[in-house]
Amino acid sequence: MAITVVGSVAYDTIETPAGRRERCLGGAATHFSLAASFFTDVRVIAVVGEDFGPRQEAVFKARNIDTRGIEHTAGKSFFWEGSYLENLNEAKTHNTELNVFASFEPKIPEAYRDSEFLFLANIDPVLQKRVRDAMPDVKLVAGDTMNYWIKDHRAALELVLKGLDILLINDTEARMIAGNDNLVQAARAVMALGPKHLVVKHGEYGATLFHCDTPVGELANWRLNLEPKTFRAPALPLENVVDPTGAGDSFAGGFFGYLASQKELTADAFRRAMFYGSTMGSFACERFGTERIAKLTREEIDARFDEFRRLTHLD
Ligand code: AMP
């Protein structure tokens with residue numbers, strides 16, 4: 001099953017206790033597609049400026065990611081600057097420049113139209129909705145967002161949430177959307193806005209999956225048996241966290257990429273997907289930006305998945 005993803009393709013300036021990097025390749029769609037590319041075919045929709053060249057394109061190409069939907073236009077690419085000096089679990093945003101994304105009109109290449117899975121990575125919810133509406137035939141839609149959009153673009157975001165099968169957000173975002181500090185109550189309130197499945201990420205403490213009573217709609221050939229309703233996967237205790245940027249998107253890429261590689265969306269598949277998400281998120285933290293995942297191998301992924309099994313196994 002191929003995944004089409006829309007989201008930011010960006011330059012990031014990042015500061016963590018391990019150091020500082022200026023303008024490294026980043027963006028939610030970038031981190032997501034690199035991680036998902038280990039599991040299935042990935043197609044990207046985004047816009048970049050004149051500062052995005054063959055060296056950046058090569059990072060996608062090396063993972064066989066379809067970049068025909070990345071539009072090149074006059075101006076500067078999306079830019080984000082953030083730090084993790086006080087809290088490694090949550091970025092402090094210093095600067096967000098939408099640049100070419102401010103006037104982006106997403107166009108879906110003909111070759112993307114048969115994608116079964118759609119991921120609405122973090123970007124203006126108006127753009128997420130436009131891409132969702134332009135791909136009515138997809139079978140499963142997942143998405144992400146962040147405080148920036150929750151605070152000031154609430155109405156547009158609610159329209160996106162209504163059409164989601166799966167929402168992946170971190171716990172601060174879940175509490176912010178719900179206006180409720182209790183995780184379970186917040187999850188219930190977020191799901192009342194639309195998503196049938198909710199993954200709440202807790203940074204270094206793992207992630208929780210909530211299913212609601214209604215299964216995902218018409219999915220030919222997929223058996224849907226989604227008990228139990230709540231499941232928690234840990235994060236790998238890492239000795240050195242170099243840069244958490246992109247860990248959430250890499251989690252989403254591992255999670256959704258793994259689901260897209262499955263014939264049946266069973267509860268077991270969702271649970272394994274949580275562990276593949278955690279696996280990809282843990283790699284993302286080991287180097288700055290995309291450095292670690294861009295060079296990863298399938299063998300390393302399998303070995304880490306086994307490490308997760310050992311971490312949580314109980315006789
Ligand atoms: P995360 O996986 O949550 O750490 O996402 C990090 C990525 O999100 C960075 O590479 C940023 O370029 C990107 N990003 C930051 N702010 C925004 C925003 N407001 N909209 C879209 N993407 C963003």
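Each ligand, and each atom within it, is numbered from 1 in the order the structure gives.
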Can you sort out which atoms of ligand 1 are near [X], meaning under 4.0 Å from one of its heavy atoms?
{"X": "Trp149", "answer": "18 (C), 19 (N), 20 (N)"}
{"X": "Thr245", "answer": "4 (O), 6 (C), 9 (C), 10 (O)"}
{"X": "Ala10", "answer": "12 (O)"}
{"X": "Gly27", "answer": "9 (C), 10 (O), 12 (O)"}
{"X": "Asp12", "answer": "9 (C), 10 (O), 11 (C), 12 (O)"}
{"X": "Gly26", "answer": "10 (O)"}
{"X": "Ala247", "answer": "2 (O)"}
{"X": "Ser8", "answer": "13 (C), 21 (C), 22 (N), 23 (C)"}

Can you confirm whether the side chains of Thr16 and Asp243 place a donor and an acceptor under 3.5 Å from each other?
no

Nearest heavy atom to [atom] wins, so pick from [options].
{"atom": "atom 3 (O) of ligand 1", "options": "Asn95, Thr13, Asp249", "result": "Asp249"}
{"atom": "atom 15 (C) of ligand 1", "options": "Phe79, Trp80, Tyr11", "result": "Trp80"}
{"atom": "atom 18 (C) of ligand 1", "options": "His153, Met146, Glu173, Glu81", "result": "Met146"}

Can you confirm, on distance only, whether ligand 1 has an N/O atom lying under 3.5 Å from any N/O atom belonging to [X]?
{"X": "Gly246", "result": "yes"}
{"X": "Gly248", "result": "yes"}
{"X": "Tyr148", "result": "no"}

Parallel, tilted or perpendicular for [X] and [Y], by the 30°/60° rule?
{"X": "Phe275", "Y": "Phe308", "result": "perpendicular"}
{"X": "Phe60", "Y": "Phe52", "result": "tilted"}
{"X": "Tyr258", "Y": "Phe39", "result": "perpendicular"}
{"X": "Phe270", "Y": "His197", "result": "tilted"}
{"X": "Trp149", "Y": "His153", "result": "perpendicular"}

Does even one non-hydrogen atom of Phe78 get within less than 4.0 Å of ligand 1?
yes

Quiz item: cation-pi between Arg188 and Phe210, 6.0 Å / 45°:
no

Less than 4.0 angstrom from a charged side-chain N to a carboxylate O is my criterion; do Arg130 and Asp124 meet it?
no

Is there side-chain contact between Glu71 and Phe104, with at least one heavy-atom pair below 4.5 Å?
yes

of all protein heavy atoms, closest to atom 23 (C) of ligand 1 is Asn122 ND2, 3.5 Å

Among Lys92, Arg23, Arg20, salt bridge (Lys or Arg N to Asp or Glu O under 4.0 Å) partner for Glu81:
Arg20

